[in-house]
Trainee: 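Here it is: the structure, laid out below.
In this text the structure is predicted, and so the values were computed from the model without any measurement.
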Amino acid sequence: MNKDKWERKNPYYYKYLANLIDFLVPKGKKVFRIEVGDALTDGEFDYVVVTDILGYVGDVQKFMKQANRIIKPDGRVVITQYNALWEPVLRLASALRLRRPSVEQNWLSMADLKNFAYLAGLEVVKSGTKMLMP
């Protein structure tokens with residue numbers, strides 16, 4: 001199934017993500033959205049939005065440095081990532097074909113993400129948890 005079919009199959013989660021990102025990213029800004037399978041590009045953006053992929057990135061520090069290079073000096077990187085505590089539920093959903101197929105990923109804590117941001121020269125402006133149920 002392609003991405004659009006998974007989004008139609010799990011509309012609550014994807015709609016929630018879209019609403020959260022729309023809330024965090026002001027209208028009229030130049031945005032580069034990165035999802036599974038995408039690569040970073042050249043350019044200068046106001047916002048880089050990284051949606052649920054950092055666990056699949058082999059070198060997170062390098063990825064964060066590349067993201068920092070393509071944002072404007074006052075730009076922002078917005079990261080969404082689901083919590084490792086959901087892995088058993090997500091594995092079951094994958095087995096039942098209720099979730100997009102995925103490979104094993106590295107689990108990064110909030111502290112890990114903050115450290116990688118710091119090492120990449122990014123300042124954490126805000127962090128937190130938002131969704132109880134995926």
Trainee: Going from CE on Met64 to CG on Asn115, what distance comes out if it is rounded to the nearest 0.5 angstrom?
Mentor: 10.0 Å
Trainee: For residues 66-76, which residue pairs qualify under side chain to side chain donor-acceptor pair (under 3.5 Å), counting only residues two or more places apart or in two chains?
Mentor: Asp46-Lys72
Trainee: Would the number of heavy atoms belonging to other residues, nucleotides or ligands and lying under 6.0 Å from OH of Tyr56 be above 12?
Mentor: yes
Trainee: At what distance, to the nearest 0.5 angstrom, does NZ of Lys65 lie from CG of Leu119?
Mentor: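 Here the rounded value is 7.5 Å.
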Trainee: Just one of Thr41, Val31, Ile71 clears the side-chain contact (heavy atoms from CB on, under 4.5 Å) bar with Val48, so which one?
Mentor: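 Considering Thr41, Val31, Ile71, a side-chain contact (heavy atoms from CB on, under 4.5 Å) with Val48 is found only for Ile71.
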Trainee: Please check if atom CG in Asp22 has more than 12 non-hydrogen atoms from other residues, nucleotides or ligands closer than 6.0 Å.
Mentor: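 Counting neighbours around CG of Asp22, more than 12 heavy atoms of other residues, nucleotides or ligands fall under 6.0 Å, so yes.
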Trainee: Which atoms form the tightest heavy-atom contact between Gln81 and Gly55, and what is the distance?
Mentor: NE2-N, 3.7 Å
Trainee: Quick check: closest heavy atoms across Phe63 and Ile34, and the distance to 0.1 Å?
Mentor: CZ-CD1, 3.9 Å
Trainee: Atom CG in Leu17, atom CD1 in Ile21: separation rounded to 0.5 Å?
Mentor: 5.5 Å
Trainee: Answer with yes or no whether the hydrophobic clustering places Val77 together with Val125; edges join I, L, V, M, F, W, Y residues whose side-chain heavy atoms lie under 4.5 Å apart.
Mentor: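 No, because Val77 and Val125 fall into different hydrophobic clusters, even though each may have its own neighbours under 4.5 Å.
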Trainee: What are the two closest non-hydrogen atoms of Met110 and Ser127, and how far apart are they?
Mentor: SD-CB, 3.8 Å
Trainee: Using side chain to side chain donor-acceptor pair (under 3.5 Å) as the criterion, list what pairs up with Thr80, not counting sequence neighbours.
Mentor: Asp52
Trainee: Atom CG of Leu54 and atom CD1 of Ile79: how far apart are they, to the nearest 0.5 Å?
Mentor: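 One gets 5.0 Å once the value is rounded to the nearest 0.5 Å.
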Trainee: Measuring from Asp112:CG to Trp107:CH2, what's the distance to the nearest 0.5 Å?
Mentor: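 If we round to the nearest 0.5 Å, Asp112:CG and Trp107:CH2 are 12.5 Å apart.
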Trainee: Is it true that the NZ or CZ of Lys29 lies under 6.0 Å from the centre of Tyr47's six-membered ring and within 45 degrees of the ring axis?
Mentor: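 The answer is no; the distance or angle limit is not met.
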Trainee: Out of curiosity, Ile70 CD1 to Phe45 CZ, how far, rounded to the nearest 0.5 Å?
Mentor: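 It is 5.5 Å, given to the nearest 0.5 Å.
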